[in-house]
Each structure stands twice: as structure tokens, then as C-alpha cells.
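Order of the sequence lines sets the chain letters (A, B, ...), proteins ahead of strands, with each chain counted from 1. Only a predicted model underlies this, so the values are computations on that prediction, with no experimental measurement involved.
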There are 2 protein chains.
Amino acid sequence: MTRPVTSTDVARRAGVSQSAVSRAFSQGASIAPETRRKVLEAAAELNYRPNRIPAIMLSGRSRMVGVVVGGLSNPFYASTLECLATSLRAAGLQILLVHVDDALTLDSALDQLLSYRVDAVVTALAIGSQRAARMLSDLAIPVICFNSRLTGPWISTVVSNNHAAGLTAAQVFESCGVTRPAWLAGPVRNAASRARGHGFIAGVRANSARWPDGVLEMRGDDSYESGYDAIRRLLARGERPDGLFSSNDLMACGAMDALRQHGSLNCPDNVVMMGYDNIPQAGWHAYGLTSFDQQVDCLVDAATQLLDAALGPDGGPVSRTRVVDARLVTRRSTARLI
Amino acid sequence: MTRPVTSTDVARRAGVSQSAVSRAFSQGASIAPETRRKVLEAAAELNYRPNRIPAIMLSGRSRMVGVVVGGLSNPFYASTLECLATSLRAAGLQILLVHVDDALTLDSALDQLLSYRVDAVVTALAIGSQRAARMLSDLAIPVICFNSRLTGPWISTVVSNNHAAGLTAAQVFESCGVTRPAWLAGPVRNAASRARGHGFIAGVRANSARWPDGVLEMRGDDSYESGYDAIRRLLARGERPDGLFSSNDLMACGAMDALRQHGSLNCPDNVVMMGYDNIPQAGWHAYGLTSFDQQVDCLVDAATQLLDAALGPDGGPVSRTRVVDARLVTRRSTARLI
DNA sequence: TTGTAGGCGTTATCAT
DNA sequence: ATGATAACGCCTACAA
């Protein structure tokens with residue numbers, strides 16, 4: 001294992017002082033063009049790359065951001081991460097990635113991130129526990145949460161307009177002539193899912209003339225399988241909704257497959273269906289699922305802006321919230337005339 | 001922005017030397033239990049966390065690994081990343097994540113990783129250019145590639161047994177009574193796809209009595225859409241294969257949807273189909289796609305072992321290859337008796 | 001414009 | 001067992 005080339009090595013080679021090397025690589029430092037040339041030449045010969053680690057010690061800022069993810073098997077989170085990576089890179093920030101299964105690992109994960117002196121933390125976890133919120137606040141560095149209800153001194157959030165989307169779903173169901181609306185919720189701890197459900201149920205209740213029986217409610221865990229199982233059980237009980245709003249697309253795909261498999265029911269003829277996230281599979285021909293697109297680009301843009309602000313010179317324990325409207329993407333699953 | 005708590009702060013508070021604080025947090029350092037207790041107490045009161053940055057300077061090892069990903073919208077890569085994150089974390093390594101769109105960004109991405117002094121680089125990109133290989137070798141740190149044919153002094157690879165799987169696919173087609181086999185390749189630069197194709201075509205040629213016309217070949221870009229389009233064009237030309245081996249599951253899903261949509265053909269009655277990767281969607285009821293499971297766990301285990309070895313005391317420019325057999329997962333799409 | 005010197009927060013080495 | 005001290009590689013005053 002050879003020792004990496006240092007600025008001192010380059011200095012020796014170029015016949016200048018170590019500071020000159022530092023200056024040659026710093027934007028807008030006062031250095032003679034000729035000196036810079038010599039330095040860059042020597043650096044190229046030695047294959048030198050400035051080491052950012054000492055700079056972290058001196059400045060106290062690492063330009064690394066801890067990104068905490070979970071459930072990458074949901075294509076929505078995968079594409080969010082992909083988008084975030086691109087955006088942070090453009091902002092000159094590095095990503096220190098941590099994958100978390102449960103709240104327990106979150107604890108030690110945050111510890112590790114802090115010991116690497118990340119400047120901030122971004123998380124898209126569907127965590128809502130008060131304990132998690134306290135842990136994040138205790139970091140005393142900016143935290144950006146996606147679709148979470150967490151609040152605290154250092155915590156900012158970027159959320160999709162979940163409640164409004166729920167209301168919209170009810171309206172779409174009305175225009176499709178749905179008579180028996182159903183709601184497939186995500187896990188209780190998922191704040192975004194709760195908001196979507198509240199919006200949808202409010203929309204249905206507001207139209208009690210049409211829907212006197214209210215909403216048929218089910219619960220899954222945001223996975224394909226849980227959507228499939230929920231519908232299978234529902235059909236086994238003899239229930240027959242003709243409109244289903246699912247808290248996310250994965251469950252909606254499972255639900256649609258269960259309708260076909262266990263009830264020979266198809267969308268939109270027998271059941272009108274809507275999902276959330278607009279994952280690629282929603283657009284696959286086997287599904288053609290109408291869905292709310294969270295506009296990941298906008299969410300991530302907002303997050304990056306919050307981050308930039310929080311990492312700026314006047315960075316303190318701010319706490320802001322940015323709301324991004326979901327965009328309805330209409331497909332076959334709601335293509336039904338009254 | 002308050003200055004982070006340092007070991008000196010803790011030392012002052014606990015009434016001991018700074019070295020004592022360092023020892024209290026180091027495994028197996030010689031320190032009196034009473035002293036350690038005092039230190040840990042003071043540390044807890046001040047909410048102190050050891051800073052790993054200086055340790056990086058001293059040891060020259062950051063315990064950070066650069067992970068370069070691309071195409072997270074393919075569920076296979078997403079789950080690989082998820083698995084890798086878990087495995088590296090267990091090995092006490094941090095992930096510095098970089099998302100790369102094209103070979104150009106790879107260049108600067110590697111630069112950044114190096115300036116943060118990552119100990120190694122892991123990549124699952126389907127890159128095969130000689131230029132990329134040179135760039136990776138030039139890093140002069142261990143590089144682990146997934147499913148790549150890249151070679152070089154510092155480069156180790158973990159590959160699925162692609163060629164053998166291709167042969168197996170041909171055998172399965174034989175036992176299903178396929179008369180007109182087709183191969184849907186991925187992009188030319190994808191070495192894994194090429195190996196799968198070679199294996200499959202070899203398997204078909206070896207049985208020229210049964211298949212005198214050989215293999216009908218198509219090409220996609222590994223995306224769902226490209227699989228859909230390839231089959232749509234094929235059907236439009238009047239071709240009618242009755243067995244399709246796709247280089248990956250995403251394209252196979254697209255192909256299956258195109259068969260249904262544009263030819264009213266279904267699997268396995270009209271066409272027997274096999275894919276590769278065993279992504280979750282292959283198991284969805286709408287597809288029921290027989291697929292080769294790359295056994296991500298094993299691939300990642302192998303990668304972590306290679307990494308551990310390369311980061312060990314005798315780490316040099318080694319170059320090893322580990323092959324993991326793909327596991328055939330049989331589903332509806334090949335459930336056809338002769 | 002250039003070089004010298006001090007310091008960032010740890011760990012490791014050496015006395016005590 | 002403990003405290004003082006020297007690194008690690010770079011940036012940044014400050015002096016020349």
C-alpha cells in the first residue's frame with residue numbers, strides 16, 4: 001500500500017513551497033500564472049489529488065450529507081434516491097448512505113454519521129415516532145425529512161400534498177360513478193398515508209348523499225403482497241367495492257392482480273382504481289394505473305434548497321416545511337364514463 | 001452554528017487529560033474503570049461524539065467505500081444496493097454514494113471519491129469501456145465490479161454464472177417443446193448480457209437437430225419499454241417465436257405485455273418465457289415469470305469478502321474473480337408440458 | 001507573489 | 001494508569 005501523494009511531495013517536485021501548491025488548487029488565490037503552471041505540471045506527473053480530509057478539520061464542514069433510506073425495493077424510494085443523488089452532487093455535496101431496517105439501527109446509524117461529521121441528514125423513512133424525532137433533533141445539525149410529520153428545532157420537511165390528493169381521488173371516483181368506495185391504507189406509522197386517507201374519507205363524507213355508507217377501509221404495509229392479500233380477504237368476505245384508492249402504487253398493483261385472480265374483476269370495468277407515487281409499474285400495460293405523481297424532481301429540488309439554506313452562513317436550528325402538489329396521471333384504471 | 005464538542009471539552013469537564021478521553025473511547029486501551037466512568041459521564045452530559053476525521057488523517061484509512069451506481073430504476077440494482085449497504089455496514093464500512101448517468105460523470109465522480117480518501121470503490125455499472133477500466137485502475141485503490149468484464153491491476157470482479165444460465169435456458173426450452181427460440185439481448189456494452197446470449201445460443205446450436213433455424217435475435221436496452229417495443233416490432237413483421245429468453249426481467253415484463261397486447265398471446269400457452277435477475281415483479285401475478293435469480297446475497301457476500309481482503313494489511317493491487325451460480329426460479333411462464 | 005508557522009481533533013508514543 | 005507531545009495534510013494569517 002503506497003502512501004498517497006501529498007501537497008508536500010508536489011511542492012518538492014515543483015521546487016516551490018507547500019503553500020504554493022495549496023494556492024494553485026484554490027480558486028482565486030493570489031499566485032503567479034507561471035508558478036501555478038509548474039505546480040499543476042508536477043501534480044499531474046505525480047498524479048496528485050488534493051485531500052479533502054484536512055480541509056474538513058479546518059473548516060468544520062465536510063460537505064457530506066447523511067442520507068438515510070429504507071425500503072429501496074419500493075421503486076418510488078429508489079427513484080427518489082437516484083434523483084437526490086444527482087441533485088446533491090450538483091450542489092457539490094457528497095452522500096454518506098445508510099440503509100436502515102428498523103428504528104434500532106437508526107440509532108447507531110446516526111451515531112456513525114455524526115462521527116464522520118456530516119453537515120446534515122436527509123431521510124425518506126416513513127418514521128413518525130417521537131423517539132426518532134428526538135434523536136434527529138439531538139443531532140444539532142439540519143435534518144430534512146420527506147413526507148414525514150416529524151417536527152423539531154433542526155427538522156425541516158418536504159411533503160407531497162397528500163390531503164388534497166385524497167380529496168381529488170374522491171372527486172375522480174364521483175365522476176366515474178363509483179358507488180362503493182374503498183381505501184387501502186399503509187402502515188399506521190406512515191404519516192403520508194394517514195393524510196391521504198383523511199383527505200379521501202373527508203371527500204367521501206362530504207358527499208354523503210351519494211355515498212351514505214362511507215368508505216370501506218383496509219390496511220396494508222405498503223408492499224405488493226399486502227395489497228394482494230387485503231383484496232383477497234375482502235373478496236373472500238363477499239365485499240364488492242367498485243372504487244379503490246390505494247395509499248401507494250405497489251399495493252394497488254397487488255390489489256389489481258388479486259381482483260383479476262380471485263374475482264375475475266378488471267379495471268376499470270368492474271373496479272375503478274387509483275394509486276400514489278406513479279412508479280414505473282403503474283404505467284406498465286398490465287396495470288395502466290391512474291396515480292398521483294409526487295413529482296420527485298420538485299420534492300428533491302425543494303429539499304436541496306432547504307439544505308443549501310441550512311448549510312449557509314446563517315445556518316441555525318431552523319424548521320421549515322415545503323409542500324409540493326401531486327400531479328394526477330390518468331390511465332386506463334379510471335377510464336370509465338358514468 | 002455551535003462548535004461541536006471536542007475531547008478537550010470533555011477532558012476539562014471530567015478533570016482528566018485529553019488522552020484519557022481518547023482512551024475511554026478506544027477499545028482495549030489501558031484505563032482505570034473509575035476514570036473511564038468519569039469520562040463517559042462527562043461525555044454524556046456534553047453530548048460528545050468522537051470525531052473520526054482526525055483518525056482518518058492519522059491512519060490513512062477512512063473506512064469509507066465509494067459506491068458507484070446507475071440505473072436504480074431497475075429493481076435489481078436497487079436491491080443490490082440495499083443488500084450492499086447492509087453488508088458493508090456490518091463490516092464497519094461507510095458508503096459514499098455516487099450516481100452516474102454517463103461515462104463523463106464517472107470521471108469527475110471518481111475524482112471526488114478519491115479526494116475524500118475512500119479506501120475502495122464498488123461499482124455495479126454495466127460499463128465495459130477500456131477507458132473506464134483505465135480510470136478505475138488509475139485510482140490505485142481496490143475496485144470491486146459486479147457483472148463486468150473489466151480487468152486491471154486493482155480490479156476484482158464478482159459475476160453471475162451468465163454463460164451457464166444461458167445453456168440452462170436452452171435446456172428448459174427443449175423440455176417445454178419450444179420450436180422457435182428467440183433471444184432478447186441487452187445493450188452491447190453489457191458484458192453480462194453478452195455472456196447470457198452466448199450461452200443460450202450455444203445451447204441452441206448444440207441441438208441443431210431440433211432447432212435447425214437457430215435463434216431469433218433481438219436487442220433492447222434493458223428497460224421495460226425496449227422489451228415491449230422489440231416484441232411489438234417482431235409481431236408486426238409477422239414473426240412468431242414460441243420461446244423467449246430475455247437478458248433481464250424488465251425487458252421480459254415488457255415483452256410479455258406486448259405479446260398480450262399486440263398478439264393476444266399469453267405465457268406459457270403460446271410463448272414460453274424466461275428472464276434474468278428475479279426482480280420482485282417477476283413474481284407478481286400479472287407475470288409469473290420464470291427467472292434466474294442472481295442471488296444478490298451471495299454476490300454481495302463475495303464482494304464484501306474481496307473488499308475485506310483488499311483492505312487488509314497486505315492489501316495490494318490484487319485482481320480476483322468470484323463466480324456465483326444463478327438459481328433457476330420456475331414460475332408459470334415455463335409451466336408447459338410437451 | 002511567496003514562504004513560514006500555527007492550528008484543526010484525534011491517536012500513538014513516550015515518559016512518568 | 002496517566003499526562004505530555006508529536007504527528008497526520010492541509011489552509012490561512014502573517015511576514016518578507
Side-chain angles (χ1 to χ4, degrees), chain A residues 1-40 42-43 46-64 111-112 114-119, chain B residues 1-40 42-43 46-64 92 111-112 114-119 313:
Chain A
M1 197 72 186
T2 52
R3 181 180 61 77
V5 180
T6 71
S7 58
T8 311
D9 299 330
V10 177
R12 214 185 326 269
R13 172 85 161 222
V16 299
S17 74
Q18 184 272 324
S19 336
V21 178
S22 175
R23 279 190 274 259
F25 282 93
S26 311
Q27 201 63 283
S30 86
I31 184 176
E34 170 61 10
T35 311
R36 159 172 261 140
R37 196 194 53 71
K38 277 197 298 188
V39 169
L40 294 183
L46 297 176
N47 197 23
Y48 165 76
R49 288 156 201 292
N51 181 351
R52 272 202 56 80
I53 302 296
I56 297 175
M57 286 187 59
L58 291 173
S59 67
R61 358 209 77 256
S62 62
R63 297 207 63 81
M64 290 194 288
D111 252 28
Q112 301 223 352
L114 271 194
S115 75
Y116 275 85
R117 289 296 188 262
V118 294
D119 292 338
Chain B
M1 198 74 185
T2 52
R3 181 179 62 78
V5 181
T6 72
S7 58
T8 311
D9 300 330
V10 177
R12 212 183 329 268
R13 173 85 160 225
V16 297
S17 74
Q18 184 271 326
S19 320
V21 177
S22 176
R23 278 192 274 261
F25 282 94
S26 309
Q27 202 63 283
S30 84
I31 185 176
E34 170 61 12
T35 312
R36 158 171 262 140
R37 195 194 55 72
K38 275 196 301 189
V39 170
L40 293 183
L46 296 176
N47 196 25
Y48 165 78
R49 287 156 201 292
N51 181 352
R52 272 201 54 80
I53 302 296
I56 297 176
M57 286 187 59
L58 290 174
S59 67
R61 356 209 79 256
S62 62
R63 297 206 63 80
M64 291 193 288
D111 251 28
Q112 300 222 353
L114 271 194
S115 75
Y116 276 85
R117 290 296 187 262
V118 294
D119 292 337

Stepwise side-chain contact (heavy atoms from CB on, under 4.5 Å) test for R61(B) and I56(B): CA-CA 5 Å; R61(B) 356 209 79 256; I56(B) 297 176; over 6 Å; no
Specify the separation, in whole Å, of atom [atom1] of [X] and atom [atom2] of [N].
X      : N       : atom1 : atom2 : answer
I56(B) : dT11(C) : CD1   : P     : 12 Å
R36(B) : dT2(D)  : CZ    : P     : 11 Å
M57(A) : dG9(C)  : CE    : P     : 6 Å
R23(A) : dT12(D) : CZ    : C1'   : 9 Å
R61(B) : dT11(C) : CZ    : C1'   : 16 Å
R52(A) : dG9(D)  : CZ    : P     : 17 Å
N51(B) : dT10(C) : CG    : P     : 5 Å
R12(A) : dG9(D)  : CZ    : C1'   : 13 Å

Minimum side-chain heavy-atom gap L46(B)-R13(B) below 4.5 Å: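 L46(B) vs R13(B): side chains touch.
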Pair T8(B), Q18(B): side-chain N/O donor-acceptor within cut-off below 3.5 Å: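 Absent: no donor and acceptor within the cut-off.
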Please classify the nucleic acid contact of [X] as base, sugar-phosphate, or nothing, using heavy-atom distances under 4.0 Å.
X      : result
S59(B) : nothing
I31(B) : sugar-phosphate
S22(B) : base

Whichever of T6(A) and Q18(B) has its nearest DNA chain D nucleotide further upstream toward 5':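 Its nearest nucleotide lies further toward 5', so the answer is Q18(B).
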Pairwise 5' ranking along DNA chain D for R117(B) and V16(B), keeping only the more 5' one: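 Its nearest nucleotide being more 5', the pick is V16(B).
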Aromatic ring proximity, centroids under 6.0 angstrom, F25(A) and Y48(A):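 Between F25(A) and Y48(A), which both carry aromatic rings, the centre distance is below 6.0 Å.
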Would you indicate, yes or no, if [N] has its OP1 or OP2 atom less than 4.0 angstrom from a side-chain nitrogen or oxygen of [X]?
X      : N       : value
S17(A) : dT2(C)  : no
Y48(A) : dC10(D) : yes
S30(B) : dA1(D)  : yes
T35(A) : dT1(C)  : no
S19(B) : dG3(D)  : no

Selection from dG3(C), dT10(C), dC10(D) that lies nearest to any side-chain heavy atom of A20(A):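 Taking heavy atoms from C-beta onward, the closest nucleotide is dG3(C).
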Atom pairs and distances, donor-acceptor, side-chain atoms in residues 31-39 of chain B, under 3.5 Å, two or more places apart:
{"from": "E34(B)", "atom 1": "OE1", "to": "R37(B)", "atom 2": "NE", "distance (Å)": "3.3"}
{"from": "E34(B)", "atom 1": "OE2", "to": "R37(B)", "atom 2": "NH2", "distance (Å)": "3.0"}
{"from": "R36(B)", "atom 1": "NE", "to": "A24(B)", "atom 2": "O", "distance (Å)": "3.3"}
{"from": "R36(B)", "atom 1": "NH2", "to": "A24(B)", "atom 2": "O", "distance (Å)": "2.8"}
{"from": "R37(B)", "atom 1": "NH1", "to": "E41(B)", "atom 2": "OE1", "distance (Å)": "2.9"}

